[in-house]
Amino acid sequence: MKNAKKPIKIIIVAAMIPALFAAKAQANTLQTVLDRGELIVGTSSSNPPWHFTENGQTLGFDADIGHILAQALFNDSSKVRFVEQSSDARIPNLLTNKVDISCQAMTVTASRAQQVAFTVPYYREGIGLLLLQGSDHSDYDALNSAGDEVTVAVLQNVYAEEMVHQALPDAKVDQYESQNLIYQALNSHRADAVATDLSTLKWYMTNNPGRYVDSGYSWNPQSYACAVSPDDQRWLNFINTALQEAMYGVEFELYADAYERWFGERPPAPQTGFPSEMR
């Protein structure tokens, strides 16, 4: 009877072998991308300064992040192909391997992190207040002191009024259906300030030198990061290394040039000695 049990054990072990091999056959996106000779980045085409199309080319800070990653992969920043995708396709396209990475002004949230793996953040977004140069209220303190005499134009949203009142508790809030309309309200003096994404604020100032000023105050921080498949730790490690060295190390000039191109200011150079990002 004891001998009769041995074949059962052999069958069980044999049945486990395919599962063991399957567990080891993990995704290797890094090698796939290197073999292909091209990085495929999912992004959009209608949200400057992050991603937009001009003369058939994808431009913007997210596009430049793609070029920085291509430089890290191939020592050639041109070896990147951009796939236009809607915001609700960012995660599905990753999970079905239609793109290698999504870089699309994507806010890091805990719920999204249950579906994808986020890279280290490459930008910290927030809300800022844009003013006309030479207006009655020169900065945030002047706006705040003016109380309910101030009118703020903001893009229509269910949380818009609450968001503005976090910074200016007594201000009047006018909501508009499009970005163009909020700037029209400011330019025609129907609004004293525009509340908008800090990146958009910097973009407008860069493209309209001498016309607008930043109030000097921002709030509602949120991290922007690229997203990759959750099943490939080697790929995530590589992307994080490339981004960190672009922001803090040997490739800093690439990141700083892109940042200055789209936001009109140059980020501070990383200090030598103890890595400041570790503090």
Side-chain angles (χ1 to χ4, degrees), residues 16-54 56-125 197 199 222-247 255 258 262:
M16 292 172 61
I17 290 174
L20 292 173
F21 276 108
K24 291 183 179 180
Q26 297 175 349
N28 192 348
T29 308
L30 177 57
Q31 193 60 53
T32 298
V33 172
L34 291 173
D35 291 344
R36 186 197 302 133
E38 178 185 60
L39 175 67
I40 301 175
V41 176
T43 193
S44 186
S45 61
S46 58
N47 183 23
W50 293 100
H51 33 257
F52 63 101
T53 302
E54 188 174 280
Q57 286 189 307
T58 301
L59 304 174
F61 193 62
D62 280 333
D64 281 351
I65 292 296
H67 289 298
I68 287 171
L69 295 176
Q71 178 69 24
L73 285 160
F74 308 109
N75 200 31
D76 185 342
S77 62
S78 70
K79 290 189 174 182
V80 55
R81 173 159 52 95
F82 297 102
V83 172
E84 184 178 344
Q85 59 187 15
S86 60
S87 59
D88 59 1
R90 291 177 295 190
I91 292 176
N93 281 357
L94 276 176
L95 301 182
T96 55
N97 298 315
K98 292 180 179 177
V99 299
D100 303 317
I101 186 169
S102 283
C103 299
Q104 195 171 338
M106 193 171 182
T107 302
V108 177
T109 68
S111 60
R112 287 174 175 168
Q114 296 176 35
Q115 304 173 72
V116 298
F118 280 110
T119 66
V120 293
Y122 58 87
Y123 187 83
R124 183 66 37 75
E125 186 63 281
D197 288 343
S199 59
Q222 52 185 295
S223 299
Y224 283 175
C226 295
V228 299
S229 167
D231 301 320
D232 194 340
Q233 188 64 45
R234 185 186 181 203
W235 180 234
L236 177 62
N237 290 347
F238 174 81
I239 296 297
N240 279 341
T241 299
L243 288 176
Q244 285 172 331
E245 290 313 299
M247 292 187 287
Y255 179 87
W262 302 112

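Scope of the values below: all heavy atoms of this structure, side chains included, with no hydrogens, waters or symmetry mates.
Distance check: Ser223 OG to Met106 CE gives 13.0 Å after rounding to the nearest 0.5 Å. Atom CD of Glu38 is separated from atom CZ of Phe74 by 8.0 Å, given to the nearest 0.5 angstrom. Atom CG of residue Leu73 and atom CG of residue Leu34 lie 6.0 Å apart, to the nearest 0.5 angstrom. Between the OH atom in Tyr255 and the CG atom in Leu243 there is a gap of 9.0 Å [rounded to 0.5 Å]. Interatomic distance, OG1 of Thr32 versus CG of Leu39, reported as 12.0 Å (0.5 Å rounding).
Looking at every heavy atom in both residues, Ser199 comes nearest to Trp50 through OG-NE1, 2.9 Å. Residues Ser229 and Leu94 come closest through the heavy atom pair N-CD2, 4.2 Å. Between Phe52 and Asn47, the shortest heavy-atom contact is CB-N, 4.4 Å. When all heavy atoms of Ala72 and Ala242 are compared, the closest pair comes out as CB-CB, 3.8 Å. In plain terms, the two heavy atoms of Gly66 and Val41 that are nearest each other are CA-CG2, 4.3 Å. Annotation for His51 and Ser44: closest pair CB-O, 3.1 Å, computed over non-hydrogen atoms.
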Less than 3.5 Å apart, which donor and acceptor atoms pair up between the side chains of residues 112-119 and the rest of the protein, not counting sequence neighbours?
residue: Arg112; atom: NH1; partner: Thr107; partner atom: O; Å: 2.7
residue: Thr119; atom: OG1; partner: Cys226; partner atom: N; Å: 3.1
residue: Thr119; atom: OG1; partner: Cys226; partner atom: O; Å: 3.3

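With 3.5 Å as the limit, one finds a donor-acceptor pair spanning the side chains of Asn237 and Gln233. Checked by atom type, the side-chain pair Asp88/Ser86 shows a donor-acceptor distance below 3.5 Å.
Put simply, the side chain of Gln104 gets close to the backbone of Gln85: a donor and an acceptor are under 3.5 Å apart. Within the 3.5 Å criterion, the main-chain N or O of Val120 finds a donor-acceptor partner in the side chain of Asn240. Side-chain atoms of Ser102 come within 3.5 Å of backbone atoms of Arg90 as a donor-acceptor pair (strictly under, hydrogens ignored). A donor-acceptor pair is defined here as one N or O able to donate and one able to accept, closer than 3.5 Å; such a pair exists between the side chain of Thr43 and the backbone of Cys103.
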Is there a side chain to side chain contact (heavy atoms under 4.5 Å, CB included) between Val228 and Thr29? Walk through the geometry before answering.
CA-CA 10 Å; Val228 299; Thr29 308; over 6 Å; no
Leu69 and Phe238: CA distance, side-chain angles, deciding distance, side chain to side chain contact (heavy atoms under 4.5 Å, CB included) verdict:
CA-CA 10 Å; Leu69 295 176; Phe238 174 81; 5.7 Å; no
Start with the C-alpha gap between Tyr224 and Gln222, add the side-chain angles, then the distance that decides, and say whether side chain to side chain contact (heavy atoms under 4.5 Å, CB included) holds.
CA-CA 7 Å; Tyr224 283 175; Gln222 52 185 295; 4.1 Å; yes
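Considering Ile40, Asp100, Ile101, Asn28 as possible partners of Val33, the one that fulfils the side-chain contact (heavy atoms from CB on, under 4.5 Å) test is Asp100.
Considering only heavy atoms from C-beta on, Tyr122 comes within 4.5 Å of Asp62 through its side chain. Contact annotation: the side chain of Leu236 never approaches that of Pro230 to less than 4.5 Å [non-hydrogen atoms, C-beta and beyond].
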